[in-house]
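So the structure is just underneath, and the comments pick up after that.
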Number of protein chains: 2
Amino acid sequence: MDLKQALDLLKKHGYKYTNKRELMMDIFLRESRYLSAREVLDQMQEDFPGLSFDTVYRNISIFEKLGIVEGTEWDGERRYRFHCNRDTHHHHIICTKCGRTREIRVCPMNAILGEPDNFEITGHKFEIYGICADCEGDHAPRH
Amino acid sequence: MDLKQALDLLKKHGYKYTNKRELMMDIFLRESRYLSAREVLDQMQEDFPGLSFDTVYRNISIFEKLGIVEGTEWDGERRYRFHCNRDTHHHHIICTKCGRTREIRVCPMNAILGEPDNFEITGHKFEIYGICADCEGDHAPRH
DNA sequence: ACCTTAATTGGATTGATTCCGTTTTGTAAA
DNA sequence: TTTACAAAACGGAATCAATCCAATTAAGGT
């Protein structure tokens, strides 16, 4: 998915085009890693000093609903990244310092045979956490 | 693991025995499901009306460090359950309404061959979410 | 250009979690 | 058993992410 496809998705669902939304997508696309709402806000405020948290959270929530970004959580904070590879179900190895990821092609759900008794499955999560080579050692994470 | 083993673990690591800690373990053991700090507090205040959040959080943190409870997070809240089956690495199907679980014996890490390049793995998470038979339908979750 | 409605602002609010000075309690030693 | 010390608990304040809300601004169709 690229920026144009994402903007089309917005339009198709009746959301308006705004320069803030474009910038936000730009950031997610450019960074290609998990970002907290705070990190997104900080980057956006370089261009829009008065930008509010509400805008960031509202748009992230829309983006997530449309499948433009995918979210997870660690260290008590939600984080989001541009939805890589929307066609293929996948999981991630995640660097918990910088949020960079690597795709995992295998899904453990394939090994779960049939529906378990007395449980209606609504979702699953498989994530591997680690420290990437760039963040290894004492030096600050390379964002 | 039973109550006595857990209390021994506390003692072995130099933590004191208190009736609050025993009650807290009692609750985790009795419930055998994921509980939020708020739920633990509510139950404990039936016996100790003045009990503070600090006590709950501090003890949960100790319990988690010692492997007495295991924690996860959903719907923006951390939750903890008595560490079932401490000897065998395992995962869970979790009912997101009542926190009850079922054990999954397979671990997807077995399918990850060797260390990935440029990533030092520090942990992983595999959880299946769903609604258990007791919570299905419109009626309130059976806690 | 106008109008309707959604988007944004900014400040207040919520709710979970943590912090901290004070008081209480468990435990080991006298 | 008493004493002394450190850990545990109290309670209330502080923090921080996330949400809410009334007022303002801007997008997009007519």
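Quick note on labels: first sequence line is chain A, next is B, and so on, each numbered from 1. Please read all numbers here as calculations on a predicted model, not as lab measurements.
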*Rounded distance (nearest 0.5 Å) linking atom CZ of Phe82(B) with atom OH of Tyr34(B)*: 13.5 Å
*What is the nucleic acid contact for Thr18(B), judged by heavy atoms within less than 4.0 Å: base, sugar-phosphate only, or nothing?*
sugar-phosphate
*Distance-only, no hydrogens or angles: does the Thr96(A) side chain make a donor-acceptor pair with backbone N or O of Tyr129(A) under 3.5 Å?*
no
_Divergence of helical axes at both termini of the helix from dA1(C)-dT30(D) to dA30(C)-dT1(D) - five pairs an end, 10° steps_ = 30°
*Heavy atoms under 4.0 Å, any strand shown: does Thr55(B) hit a base, just sugar-phosphate, or nothing?*
sugar-phosphate
*Parallel, tilted or perpendicular: which fits the ring planes of His92(B) and His90(B), with parallel below 30° and perpendicular above 60°?*
perpendicular
*Looking across every strand, which nucleic acid part, if any, lies under 4.0 Å from Arg38(A) by heavy atom: base, sugar-phosphate, or nothing?*
nothing
*Anything under 4.0 Å to a heavy atom of chain A counts; send over the first and last such nucleotide of DNA chain D, read 5' to 3'.*
dA17(D) to dG28(D)
_For His91(A) together with His124(B), are the ring centres under 6.0 Å from each other?_
no
*Mapping Pro49(B) and Lys16(B) to their closest nucleotides on DNA chain D, which lands nearer the 5' end?*
Lys16(B)
*Distance from Ile60(A) atom CD1 to Leu41(A) atom CG, nearest 0.5 Å?*
9.5 Å
_salt bridge (Lys or Arg N to Asp or Glu O under 4.0 Å) partners of Arg38(B), counting only residues at least two apart_ = Asp42(B)
*Mind jotting down which residue pairs meet the salt bridge (Lys or Arg N to Asp or Glu O under 4.0 Å) criterion with at least one end in residues 64-74 of chain B? Sequence neighbours excluded, please.*
none
_Backbone of Ile94(A) reached by a side-chain donor or acceptor of Arg100(A) within 3.5 Å_ = no
_Need to verify one output field. Residue with the more 5' nearest nucleotide on DNA chain C, Tyr17(B) or Asp54(A)?_
Asp54(A)
*Please round to the nearest 0.5 Å and tell me the distance separating atom CZ of Phe119(B) and atom CD1 of Ile128(A).*
9.5 Å
_Can you see whether Arg81(B) engages Thr101(B) through a side-chain donor-acceptor pair at a distance of less than 3.5 angstrom?_
yes
*Indicate, with a heavy-atom threshold strictly under 4.0 Å, whether Arg58(A) touches base, sugar-phosphate, or nothing.*
base
*Please find the earliest and latest nucleotides of DNA chain C, in the 5' to 3' direction, that have an atom within less than 4.0 Å of any heavy atom of chain B.*
dA16(C) to dT27(C)
*asked:* Taking salt bridge (Lys or Arg N to Asp or Glu O under 4.0 Å) as the cut-off, I'd like each qualifying pair that reaches into residues 45-62 of chain A, sequence neighbours left out, listed once.
replied: Asp54(A)-Arg58(A)
